[in-house]
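Notes for the one structure printed next.
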Amino acid sequence: MKRLRRRVERQRLIGRAVRRRRALRSLSDRTRQIAPGDILCFVTLRDERIRLPYFLDYYRALGVRHFLMVDNASTDGSADYLRGQPDVSLWWSDGSYKGARFGMDWINWLLLRHGRDHWCLTVDPDEFLVYPHCDQRPLAALTSWLDASGRRSFPAMLLDMYPKGPVEEAVCAEGEDPFRVARWFDPANYSIQKNPVFGNLWIQGGPRTRAFFAQDPLSGPALNKIPLVKWHWRYAYVSSTHMLLPRGLNLVYDEDGGEQVSGCLLHAKFLSSFATKSAEELDRRQHYGNSQEYRAYHAGLHRGVQLWCSESCEYEGWQQLEDLGLISRGNWA
């Protein structure tokens, strides 16, 4: 019965994606350039113009060959910039982000239409994938190994990065590495539970829970993500990139005490633009739970909350994250 319900839910999500495609208008369709075996990156964004040059260069260097992006009515020139990028296909929508399941209906449609049989990376413009050997091996080396191992999905915990000092003073110029400024993270302070319905791990904690949700940690944001998937037309993201259907795609861990290969998404959220962004998103009320997360951010910033503490670690590289148990090489030597 549970399996049948999940199948019905998956079909419902795919159907939603097909219907919601009507909210998308193509501004620059270069998908004919996509070649078999290309690694693709899928993104929904709004007013991220300053982040985009570094974001694109970062993932190009890892080996992403094409970007499929949805601009949700930006007013800062993001769309004009992206239309000039030769490896970007761009769609635009002024539809409700919340009404599109926080953009996932749009992404599920693009994955269905263009992602089949490709390794597809779905991330936000402030998320940067780090995986074992990423300083020496391109993303294609990882996906080739995953193919050979019979694995179709790859997990990455969201690791919030922050500055030492007030967030509003952490200025990052266009094209600059955000982790030159936001170089710190919490090495521990994470809780893990298993979702009994979808089988995925549910991870919470870190600086956002510590600073903004200390009185109610279970209301803190989820940090578990499965951003990299060898896509099939029968797949669908259920809730952001936290979990998928079919259920087997979420089983990216070893329940018998061993370790499977995993990564982190370095999260460059806490920069000087964060206060303005959080106020805007609080006013728009387009995020989960009527933007309760942004209400907490706004209140915390008003109190002068700083994320750095005596237990914070300065980021040094993927080996450091492995030593701390935040990522794993698994059997990928």
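Being a predicted model, the structure only gives us computed values, none of them experimental. Side-chain atoms are counted along with the backbone in the values below, which use heavy atoms only and exclude waters and symmetry mates. Along the sequence shown, residues are numbered consecutively beginning with 1.
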For this session: Check for a donor-acceptor pair, side chain of Q204 on one end and backbone N or O of G220 on the other, with a separation under 3.5 Å.
Result: yes
For this session: List in chain and number order the residues that pass ring pair (Phe, Tyr, Trp, His ring centres under 6.0 Å) with F213, two or more places apart in sequence or in another chain; answer none if no residue qualifies.
Result: none
Problem set entry | Spatial distance of atom CD (Q319) from atom SG (C134) [nearest 0.5 Å] | 8.0 Å
Exercise. Is the shortest heavy-atom distance from the side chain of R49 to the side chain of S74 under 4.5 Å?
Worked result: no
Problem set entry | Under the ring pair (Phe, Tyr, Trp, His ring centres under 6.0 Å) test, residues paired with F42 that sit two or more places apart | none
Exercise. What salt bridge (Lys or Arg N to Asp or Glu O under 4.0 Å) pairs are there with at least one residue in residues 113-129, not counting sequence neighbours?
Worked result: E127-K225
For this session: Report the hydrophobic cluster partners of W202, with the cluster defined as I, L, V, M, F, W, Y residues connected by side-chain heavy atoms closer than 4.5 angstrom, directly or transitively.
Result: none
Problem set entry | Of all pairs that satisfy side-chain hydrogen bond (donor to acceptor under 3.5 Å, both in side chains), the ones with a partner from residues 235-247, not counting sequence neighbours | R152-Y235
Problem set entry | Set of ring pair (Phe, Tyr, Trp, His ring centres under 6.0 Å) partners for H118, sequence neighbours left out | none
Exercise. Do the non-hydrogen side-chain atoms of L112 and V18 ever get within less than 4.5 Å of each other?
Worked result: yes
For this session: Please list, chain by chain and in numerical order, all residues satisfying side-chain hydrogen bond (donor to acceptor under 3.5 Å, both in side chains) with N331, sequence neighbours excluded.
Result: none
For this session: Indicate yes or no: at least one non-hydrogen side-chain atom of N108 is less than 4.5 angstrom from one of R101.
Result: yes
For this session: Using the test ring pair (Phe, Tyr, Trp, His ring centres under 6.0 Å), find all partners of Y59 that sit at least two apart in sequence or belong to another chain.
Result: F55
Exercise. Do L271 and V171 have side chains that get closer than 4.5 Å, going by heavy atoms?
Worked result: no
Problem set entry | Heavy-atom donor-acceptor pair, Y54 side chain to E176 backbone, under 3.5 Å | no
Exercise. Does any pair with a residue in residues 66-90 pass salt bridge (Lys or Arg N to Asp or Glu O under 4.0 Å), and if so which ones, sequence neighbours excluded?
Worked result: R60-D87, D80-R83
Problem set entry | Side-chain heavy-atom pair L228, W119 within 4.5 angstrom cut-off | yes
Exercise. Mind checking whether L321 and F185 have side chains closer than 4.5 Å, heavy atoms only?
Worked result: yes
Exercise. Can you list the other members of the hydrophobic cluster that holds F198, where links are side-chain heavy atoms under 4.5 angstrom apart?
Worked result: L13, V197, V238, M243, L245
Problem set entry | Any donor-acceptor N or O pair under 3.5 Å, side chains D38, H66 | no
Exercise. Can you find a heavy atom in the side chain of K269 that is under 4.5 Å from one in the side chain of F274?
Worked result: yes
Exercise. With a 4.5 Å heavy-atom cut-off, do L201 and Q193 have their side chains touching?
Worked result: no
Exercise. Per the side-chain contact (heavy atoms from CB on, under 4.5 Å) rule, which among L56, V88, L90 passes with Y81?
Worked result: L56
Exercise. How would you list, by chain and number, every residue that makes a salt bridge (Lys or Arg N to Asp or Glu O under 4.0 Å) with E322, sequence neighbours excluded?
Worked result: R329
Problem set entry | Shared hydrophobic cluster, L139 / F154 (ILVMFWY, side-chain heavy atoms < 4.5 Å) | yes
Exercise. With R10, which residues qualify under salt bridge (Lys or Arg N to Asp or Glu O under 4.0 Å), at least two apart?
Worked result: none
Exercise. Do other residues, nucleotides or ligands put more than 12 heavy atoms under 6.0 Å from the CD atom of E174?
Worked result: yes
For this session: Dump the intermediate steps for side-chain contact (heavy atoms from CB on, under 4.5 Å) on W91 and R25, then the final yes or no.
Result: CA-CA 5 Å; W91 290 262; R25 177 163 61 90; over 6 Å; no
Exercise. Does the ring centre of H114 sit less than 6.0 Å away from the ring centre of W231?
Worked result: no
Problem set entry | E259, CD atom: more than 12 neighbouring heavy atoms under 6.0 Å | no
For this session: Step by step, work out the salt bridge (charged side-chain N to carboxylate O under 4.0 Å, His left out) result for R51 and E48.
Result: CA-CA 5 Å; R51 293 185 186 273; E48 298 286 5; 3.0 Å; yes
Problem set entry | Under 3.5 Å donor-acceptor, S153 side chain and L249 backbone | yes
